[in-house]
Amino acid sequence: MKFFIDTANLAQIQEAQELGVLDGVTTNPSLMAKEGISGDANVKAHYKAICAIVDGDVSAEVISTDYEGMIKEGEELAALDEKIVVKIPMIKDGVKALKYFSDKGIKTNCTLIFSAGQALMAAKAGATYVSPFIGRLDDISTDGLDLIESIRIIFDNYDFGTEILAASVRHPMHIIQCAEIGADVMTGPLSAMEALLKHPLTDIGLAKFLADHAKANS
Ligand code: E4P
């Protein structure tokens with residue numbers, strides 16, 4: 001399972017990269033705005049800065065919602081760095097744009113997926129990744145993991161090459177359950193990744209080992 005970090009914060013991306021388990025980055029317009037990044041030149045410079053840190057795919061989302069606009073923006077984003085994956089919303093013109101980029105060999109991430117039918121459409125259009133938002137489904141009392149399961153079955157039935165990128169991950173159990181189901185990728189905050197490595201018995205055990213070592217060597 002690939003681990004992507006879901007942020008535009010350079011310090012957190014650097015920290016995750018140094019942990020040695022990072023496979024990529026996802027961003028979205030809200031995450032860019034959170035870092036105070038605005039204006040075309042600044043946005044592009046920020047994507048280049050992210051690409052310079054991470055070894056792996058970096059999703060950069062288009063703002064346009066019409067086909068021509070998405071193609072223009074996506075081509076400009078893809079030209080920034082070979083790591084850039086053009087992130088396209090699941091709307092009708094977005095499906096057409098996915099097909100265009102797929103035919104050109106440019107990687108895409110279809111975002112805002114909330115149903116298996118949307119994932120199927122994106123896969124048929126040749127998306128590299130589909131991003132089902134599990135946390136946002138949980139927020140409205142709908143099990144986001146059921147959606148991951150359903151998409152896994154459909155993609156396996158027909159050998160779609162599109163990867164399931166479990167998005168809107170909020171906590172470590174989301175990651176573990178996505179791994180059990182067989183999501184190809186998860187994207188989440190650094191805190192959810194770091195929570196995976198923690199266990200109180202590890203801390204207690206290590207403290208005892210070090211105390212015994214200190215006693216024996218005093
Ligand atoms: C990923 O590509 C999405 O932008 C992201 O995971 C959304 O997460 P949120 O629901 O926590 O905003």
Side-chain angles (χ1 to χ4, degrees), residues 1-10 12-13 16 21-38 43 46-47 50-51 53-54 56-65 70 73-74 77-78 81 83-91 94-95 97-98 101 106-115 118-119 121-123 125 127-148 151 162-179 181 183-196:
M1 185 195 215
K2 288 188 261 186
F3 278 17
F4 289 0
I5 189 168
D6 195 28
T7 184
N9 182 282
L10 296 180
Q12 285 188 21
I13 293 168
V21 299
L22 191 67
D23 301 296
V25 176
T26 52
T27 64
N28 63 40
S30 302
L31 292 171
M32 294 292 274
K34 192 174 164 193
E35 298 307 314
I37 314 297
S38 63
V43 166
H46 199 76
Y47 284 136
I50 293 174
C51 290
I53 296 171
V54 71
D57 287 346
V58 175
S59 286
E61 188 161 342
V62 299
I63 306 299
S64 305
T65 53
M70 282 190 261
E73 243 189 277
L77 290 169
D81 194 292
K83 294 172 188 168
I84 292 285
V85 174
V86 181
K87 203 172 180 190
I88 308 254
M90 171 36 78
I91 53 177
V95 173
L98 289 171
F101 287 119
I106 291 173
K107 286 186 178 181
T108 52
N109 174 358
C110 186
T111 190
L112 292 165
I113 296 281
F114 292 97
S115 76
Q118 291 178 321
M121 282 296 283
T128 312
Y129 299 103
V130 287
S131 288
F133 279 30
I134 58 177
R136 292 194 195 184
L137 282 169
D138 288 357
D139 288 346
I140 57 159
S141 307
T142 303
D143 192 344
L145 293 164
D146 285 350
L147 176 57
I148 302 291
I151 298 171
T162 301
E163 294 188 47
I164 302 173
L165 196 175
S168 190
V169 159
R170 302 271 167 80
H171 50 71
M173 285 313 294
H174 268 158
I175 302 176
I176 292 163
Q177 287 159 335
C178 282
I181 293 166
D184 301 288
V185 192
M186 78 84 199
T187 191
L190 183 59
S191 58
M193 271 181 234
E194 287 185 339
L196 287 178

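The shown structure was predicted, so the numbers you read here are calculated from the model rather than taken from an experiment. Each ligand, and each atom within it, is numbered from 1 in the order the structure gives.
- Nearest non-hydrogen protein atom to atom 4 (O) of ligand 1 is Asn28 ND2, 2.6 Å.
- Remark: minimum distance from atom 8 (O) of ligand 1 to any protein heavy atom is reached at Ser168 CA, 3.4 Å.
- The protein heavy-atom contact nearest to atom 5 (C) of ligand 1 is Asp6 OD2, 2.8 Å.
- Residue Lys87 places a heavy atom less than 4.0 Å from ligand 1.
- With respect to atom 3 (C) of ligand 1, the closest heavy atom belonging to the protein is Phe133 CZ, 3.4 Å.
- At least one side-chain heavy atom of Leu145 sits less than 4.5 Å from a side-chain heavy atom of Ile134.
- For the residues Met186, Arg136, Arg170, the heavy atom positioned nearest atom 12 (O) of ligand 1 is part of Arg136.
- Interatomic distance, CG of Leu165 versus OG1 of Thr187, reported as 6.0 Å (0.5 Å rounding).
- Without hydrogens or angle criteria, Lys87 side chain to Thr27 main chain gives a donor-acceptor distance under 3.5 Å.
- Short contacts between ligand 1 and Ala167, defined as distances under 4.0 Å to a heavy atom of the residue, involve ligand atoms 1 (C), 6 (O).
- Checked options Val25, Ile84, Asp81; the residue passing with Tyr47 is Ile84 (criterion: side chain to side chain contact (heavy atoms under 4.5 Å, CB included)).
- Salt-bridge check for Asp57 with Lys107: passed, with a basic side-chain N closer than 4.0 Å to an acidic carboxylate O.
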